[in-house]
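For reference, the structure is listed below as structure tokens.
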Amino acid sequence: MLEGLAIALSPELLIYICVGTVTGILVGALPGFTATMGTALLLPFTFVLSPEQGLAMLGALYVAAMFADAVPAILINTPGTPSAMATALDGFQLTKQGKAHTALVAGAFSALIGTLIGGLIFMFVAAPLANIALTFGPPEFFWIGVFAITIIGSISGRSLVKGIAGGGIGMLIGSVGLSHTGGVERYTFGFPELLGGVSTTAGLIGVFAFPQVLNMVAARSKEKHVAEYHPRRGETMAAIKAVMSKPVHLLRSGLIGTFVGILPGAGGTIASPLSYGEAVRWSRDRKKFGKGAIEGVTASETAGNGAVGGAMVPMMILGVPGSGVAAVILGALLLQGLQPGPSLFESTPELTYTFAWSVIVAGVATAIFGSALSRGLVYIVRMPVEYLAPIVLALSIIGSFAIRNYLVDVYFMLGLGIFCYLISKIGFSPGPIGLGLIMAPIVEPAFVQSAALAEATSVPSVFFGRPVSIALIAVTVASIGFVAWTRLNEKSGDDVDA
Amino acid sequence: MHAHRSLVRTAAATASVLLFAAACGSNDSDAEAAADSKESETETESGNSEAEDSKDSGDSGEATDYPTRNITWIVPYSPGGGSDAQLRRLQSHVEDELGVTINAVYQTGGDGAVGWQQLAAAEPDGYTIGNTVWPNIGVLGLQTDSLGFDITELSFIAWTESSTDALVVAQDSEYETAEDFIEAAKANPGEVTIAGTGRQAAEDIEAITEKLGIEITPVPVSGGFGSMLPQIQGGHVDGSLTSIDGVMRNQDTLKALATAGPERAAALPDVPTFQELGYDVNVETARGLAAPPGTPDEILAVLNEAVNNAVSQVEEELKEGGLTPLHQTPEEAQEYTREALEQLAEGE
């Protein structure tokens, strides 16, 4: 097992880890470019490499992109990929408070911790975990989706009703196009262009970034730049200390990320908001979330990177991709003539261990490169709004287009952006809308498939009769109860003060 | 005024970026710049050397310069899937044949609708091509109104590989043979579950199970074979009717009980066909390449030759994966599509 570490640190592999890391940072930081895209771009280069080198490069890209998507989330309230959505909630608030650099360094470091947790779990507990992953069928995915949706309660800000409505709007938007199962057309109004629905990434750009542009333009006479920033000595060390001072929080976030990452099809996109929600639940001072709590950033980033290690578990042990990026990496292995699965794991475990160590080393590289870059990138917030707004606008347009070379995505982003800007003026926050958008393609197919299974047996046995489902339902009910309890407490608290 | 200026700037920036995006959108993707650096650009001033280098030496007597720049290959499905696998197999060989780089662009959505719409709308100059998948493109083709174009108008280059479906269960499933499965379904009508992917998953499954004389509950799965795999492995569904190449990639965890073609699959010599077992089941799936409607014949001929030579180079790989290589001319490809579409329409 330790040989894998030696191999991962050897020059032949290290150079590819660095290439992957740098590419991943670029891909992750530009909104509209996803980690899956980046991996597909580098895939052809892996033909001429050994499997270890190819895996190291692609794995490093994955790790780096899972951190880098926090950069635009923190600086300009635009998640670089859907996994960073929860990071934007507190990250951008920190930027407005002049703490952009702190947030970025905290993000880079928690990404490292998350990668470490995910990677170690991958190495030591992979086989039993893979079997657990298999026990998650459609009903379990449905209940996990419902659980994730209850997080809306924690990110709704002042009005729970508006949060729920926002989540509903997000889910409706996510339903446009061909239904995920069964070919029914929804909300296409006869336009063939809408058959493909809206890409989640373009939708998130519309929900987060574009209203930001409009805000900047509207407030340009009062707010000359996004935020203040004055470098202070020892900021970096202070940020790292702040992260490391909450080990339980880090561990919990990393474990959530790894475990959710193991579930095929889930990945960082769900892991980050789930971890954020749990961070709120277990915090002693819940009110600080959404207003610039550093734990909001670290919860989301640690989980997002933990999901990298998690996604590798089903891939290497079972041959089942845990996420879109894992599917591409799987393709890379197939092209090398290797068939990931139980027999490959048994016959050449060294490959899996080398891969896990490469991912961990990439986490270190990401933290180093990421922190170094953050020093310079942070000055973006001091750029005058007259220059920043058009740049963010251009990035939004190019980013929405780059996902599928599809102009419809751009139009959708613009329309959605204007809509979200308008409703933000009446108290709708973007978080719940984004969450609904992300969860729709997970919850709905799970429900339809569970319903099909229920036709074969019975509704109670499928939806309520499976052990893992029961555990998830219990957790969901607890979550709803928790939200109700805190809201009621706040109300009575207000009455007392009044 | 200061405030006025920033608004004008923002508006100007929007307009210019939109125009830029619209102009560039229909041709090569700029986002795939990394793929360019893989092989050096072969653009020369005269452009004639490419035509001489390619094996197609002036069959029509017309000296075509094609191709002189990179070609965009539209993949209507996500990376990591079957269409992506077809691309990866053929890409480097086609690039060698044509002397230019091929840029892959993934345009997913609508079970292929987005990618094929974009292919149909592209310039028919030979610089945009795309995967085709049967029956997926056929299913969309039956709904011309909602799709927005007629699939038979596409300029088909060739169908390159065909396969058939198989009844697939987990390695540790209680069902050892296809008869076991069929008997269990007959004894418990509606209780056995079969997963399938695609827009017509439920109908496709029922078309086969009708011939088997069983009543099962279909479970439609989106996201391709990769999403279905854990459902089968985890025992959440009893089995699946899916293309053989999925089984070949996962022989550790899956087994095929029967195949749906006229003869046994070369890659699975021990697995009986449904026909051997007495059921009139005959399903054919295929993958190929096409160009936008109206692509000139000379260009199609160049592409056809390059693609067929590429397929010849990967025949072993195809067969090991449970796929049968096909060699067709563009006319044969067009005919194949027409006939298959008719059959599909009759089955409706």
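A note on names: the letters A, B, ... follow the listed sequences, proteins ahead of strands, and every chain is numbered from 1.
Of the listed residues B:G235, B:P189, B:G234, B:G196, the one with more heavy-atom pairs under 4.5 angstrom with chain A than any other is B:G234. If you tally non-hydrogen atom pairs under 4.5 Å between each of A:A456, A:G341, A:S199 and chain B, the highest count goes to A:A456. Looking only at heavy-atom pairs under 4.5 Å with chain A, the residue among B:D84, B:T108, B:T253, B:T193 that has the most is B:T108. Here B:P230 is the residue among B:P230, B:S227, B:G148 with the most heavy-atom pairs under 4.5 Å with chain A. Of all the listed residues (A:P264, A:P445, A:G319, A:P342), the one sharing the greatest number of non-hydrogen pairs under 4.5 Å with chain B is A:P342. Ranked by heavy-atom pairs shorter than 4.5 Å toward chain B, the options A:V462, A:L334, A:V408 are led by A:L334. For the set A:A327, A:S396, A:P138, A:P321, the count of heavy-atom pairs under 4.5 angstrom toward chain B peaks at A:P138. Heavy-atom pairs under 4.5 Å with chain A peak, among B:E317, B:R249, B:R89, B:E320, at B:R249. With chain B as partner, the option from A:L318, A:N131, A:T36 having the largest number of non-hydrogen pairs under 4.5 angstrom is A:L318.
Neither the backbone nor the side chain of A:L194 comes within less than 4.5 Å of any heavy atom in chain B. Using a 4.5 Å cut-off between heavy atoms, A:L330 makes no contact with chain B at all. Both the backbone and the side chain of B:Q233 come within less than 4.5 Å of a heavy atom in chain A. If you measure heavy-atom distances from B:M228 to chain A, you find no contacts under 4.5 Å at all. In this structure, the portion of B:P218 lying under 4.5 Å from any heavy atom of chain A is its backbone and not its side chain. For A:P314, no part lies near chain B; criterion is any non-hydrogen pair under 4.5 Å.
Closest approach of A:L195 to B:A113, counting heavy atoms only: CD1-CB, 3.6 Å. Closest approach of B:V221 to A:Q449, counting heavy atoms only: CA-NE2, 3.5 Å. Heavy-atom minimum distance, A:P44 versus B:R88: CG-NH1, 3.6 Å.
Within the 4.5 Å cutoff, the side chain of A:L453 has heavy atoms near those of the B:V219 side chain. The shortest side-chain heavy-atom distance between B:Q118 and A:Y406 falls under the 4.5 Å cut-off. Side-chain atoms of B:P79 and A:L43, non-hydrogen and from C-beta on, never get closer than 4.5 Å to each other. Residues A:T457 and B:E191 have side chains not in contact (no heavy-atom distance under 4.5 Å, counting atoms from C-beta outward).
Interatomic distance, B:S78 OG to A:M37 CE, rounded to the nearest 0.5 Å: 11.5 Å.
Within 6.0 Å of CZ in B:F149 there are more than 12 heavy atoms belonging to other residues, nucleotides or ligands.
A donor-acceptor pair under 3.5 Å links the side-chain atoms of B:H236 to the main chain of A:L134, judged by distance alone. Distance alone, capped at 3.5 Å, is enough to place a donor-acceptor pair between the B:Q117 side chain and the A:P192 backbone. Panel note: side chain B:Q107, backbone A:N405; a donor-acceptor pair is recorded below 3.5 Å. A:E455 places no side-chain N or O within 3.5 Å of a backbone atom of B:T217 that could act as its donor or acceptor partner.
Partners of A:S343 under the side-chain hydrogen bond (donor to acceptor under 3.5 Å, both in side chains) rule, at least two apart in sequence or in another chain, are B:D252.
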